[in-house]
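Throughout, a chain's letter reflects where its sequence line sits, starting with A, and its residues are numbered from 1. It should be emphasised that the depicted structure is a prediction, and the values quoted were computed from it without experimental measurement.
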2 protein chains.
Amino acid sequence: MPQGKLDQDTETADFRSGLPLSLLIHQLAMKIDAQGRALIARHGDLTLPQWRIVRVLGLGAPEGSTALRKVLGFDKSQFSKTVNQLQERGLLSVTDLPTDGRQLRVSLTDAGRAVHERLAPVLEARNDHLMQALAPEERRVIRSALSKLSHAAEATELPKGNVD
Amino acid sequence: MPQGKLDQDTETADFRSGLPLSLLIHQLAMKIDAQGRALIARHGDLTLPQWRIVRVLGLGAPEGSTALRKVLGFDKSQFSKTVNQLQERGLLSVTDLPTDGRQLRVSLTDAGRAVHERLAPVLEARNDHLMQALAPEERRVIRSALSKLSHAAEATELPKGNVD
DNA sequence: TCTTTTTGGTGGACATGTCGACGAAAATTC
DNA sequence: GAATTTTCGTCGACATGTCCACCAAAAAGA
């Protein structure tokens with residue numbers, strides 16, 4: 001038995017429990033992204049941001065570009081690029097939005113709906129898998145907690161006037 | 001009052017509550033990163049990954065490169081590049097690790113420690129701010145929940161044999 | 001010991017996300 | 001209604017993160 005190695009792993013694990021919340025969330029997001037990427041790659045050739053757009057449209061998200069973009073939390077730039085990629089692949093139909101000449105109306109094509117039908121169950125199973133890892137109490141509050149953290153992460157100025 | 005706009009926002013907010021957990025976590029991580037980036041930029045010129053290395057070393061993380069990398073959850077490549085950036089800036093001292101010829105020993109220089117002392121309180125206040133946004137019950141379980149999700153996100157094969 | 005396998009750091013190519021600028025359309029103000 | 005301000009999509013430059021291939025050192029197996 002490699003005693004030194006065990007010590008090292010234990011030290012690592014112990015240390016991890018004291019890390020800042022921000023780092024833990026970052027790490028979790030990276031792992032979840034990687035897992036999602038792997039599942040998507042195994043069942044098609046979409047990128048993760050592409051799939052996310054297909055996914056929320058498949059879930060019935062609003063089709064106005066701004067509303068859709070805010071649901072996804074995408075940057076304007078990234079949203080524009082990814083939508084155009086999907087349009088070129090024939091998965092999205094992009095038309096003018098009658099009520100606002102600046103925005104677009106984004107909807108799935110038949111091909112886009114087909115991709116969604118194929119991938120959605122896989123990714124849904126993954127999310128179920130994640131939820132099942134939680135204790136009932138945790139499961140009950142996780143969405144509310146994430147939502148509150150999200151709101152708190154939007155503050156540009158923190159309580160402490162910390163500029164010099 | 002722009003009634004249409006209110007409807008749209010309400011629709012967006014309502015829809016958000018049904019989004020997949022994976023997307024919510026991704027969105028939260030992006031917001032937290034952006035907030036951290038803004039704070040770091042305001043008090044220095046480190047990048048976020050650079051700060052993370054300085055931070056965990058300042059917290060007393062192991063100095064062996066592999067252990068340190070795993071605490072951070074960094075990719076091998078990114079870790080290597082970021083450590084070299086910090087070394088060039090004179091914030092890190094990188095030497096050979098006696099116990100393993102492949103690994104490196106990474107530690108803060110005096111300059112690195114100074115940067116840590118300057119930034120740590122600011123980022124700590126931010127993390128306090130995040131925690132205070134949670135209800136007591138949520139605060140109690142959040143770390144455990146994140147840890148369980150992290151573990152569940154490492155599975156490469158999901159319960160369902162979902163190939164075709 | 002000798003071979004094989006695993007693990008570590010590095011570099012390059014690429015995917016993802018951020019930021020600032022730009023013109024066009026809409027909302028606001030006067 | 002005209003001028004101003006805001007919001008929108010697009011673009012280019014850059015920061016961040018991922019993935020793969022390479023070689024060297026260590027570990028495991030013979």
Under 4.0 Å between a side-chain N or O of A:Arg102 and OP1 or OP2 of D:dT6?
-> no
So, is B:Arg69 close to the C:dG9 phosphate, meaning a side-chain N or O under 4.0 Å from OP1 or OP2?
-> yes
Rounded distance in Å - CG (B:Asp75) to C1' (D:dA15) | 15 Å
Does OP1 or OP2 of C:dG8 have a side-chain N or O of B:Thr66 closer than 4.0 Å?
-> yes
Grab the CG-C1' distance between A:Asp100 and C:dA25 for me, whole Å please.
-> 7 Å
Report the distance from atom CD of A:Gln50 to atom P of C:dG17, rounded to the nearest whole Å.
-> 11 Å
Audit row: A:Asp75, A:Lys81, salt bridge (Lys or Arg N to Asp or Glu O under 4.0 Å) steps and yes/no | CA-CA 10 Å; A:Asp75 178 76; A:Lys81 289 164 188 167; over 6 Å; no
Look at the side-chain N and O atoms of A:His26 and state whether any lies under 4.0 Å from the OP1 or OP2 oxygen of D:dT16.
-> no
Do the ring planes of B:Trp51 and B:His116 sit parallel (below 30°), tilted (30 to 60°) or perpendicular (above 60°)?
-> parallel
Pairwise distance CD1(A:Ile40) to CG(A:Leu119) - rounded to 0.5 angstrom | 6.5 Å
Whether A:Gln35 side chain and B:Ala155 backbone form a donor-acceptor pair below 3.5 Å = yes
Closest-nucleotide 5' rank along DNA chain D - winner of B:Leu48 and A:Arg37 | B:Leu48
Taking five pairs at each end of the helix from C:dT1-D:dA30 to C:dC30-D:dG1, what angle separates the two helix axes (nearest 10°)?
-> 40°
Using whole Å, report how far CD1 of A:Ile53 lies from P of D:dG9.
-> 12 Å
Expressed in angstrom and rounded to an integer, what is the separation of A:Lys76 atom NZ from D:dG12 atom P?
-> 16 Å
A:Leu72 CG to C:dT16 P: how many Å, rounded?
-> 14 Å
Any chance you could lay out the side chain to side chain donor-acceptor pair (under 3.5 Å) test for A:Ser144 and B:Glu138, step after step, and finish with the verdict?
-> CA-CA 8 Å; A:Ser144 142; B:Glu138 295 164 345; 2.3 Å; yes
Polar side-chain contact A:Ser77-C:dC19 base: donor and acceptor under 3.5 Å = yes
Just how far, in rounded Å, is P of D:dG17 from CZ of B:Phe74?
-> 6 Å
For the pair made of CG in B:Asp33 and P in D:dA15, what is the distance, rounded to whole Å?
-> 16 Å
Residues touching DNA chain D, which here means a heavy atom under 4.0 Å, drawn from residues 78-88 of chain B | B:Gln78, B:Lys81
Contacts of type salt bridge (Lys or Arg N to Asp or Glu O under 4.0 Å), residue B:Arg143, not counting sequence neighbours = none
Give, for atom CG of B:Leu28 and atom CG of B:Leu130, the distance between the pair rounded to the nearest 0.5 Å.
-> 8.0 Å
Examine distances only and state if a side-chain atom of B:Arg52 and a backbone atom of B:Leu72 form a donor-acceptor pair shorter than 3.5 Å.
-> no
Do A:Val141 and A:Leu146 belong together in a cluster built from hydrophobic side chains that touch within less than 4.5 Å?
-> no
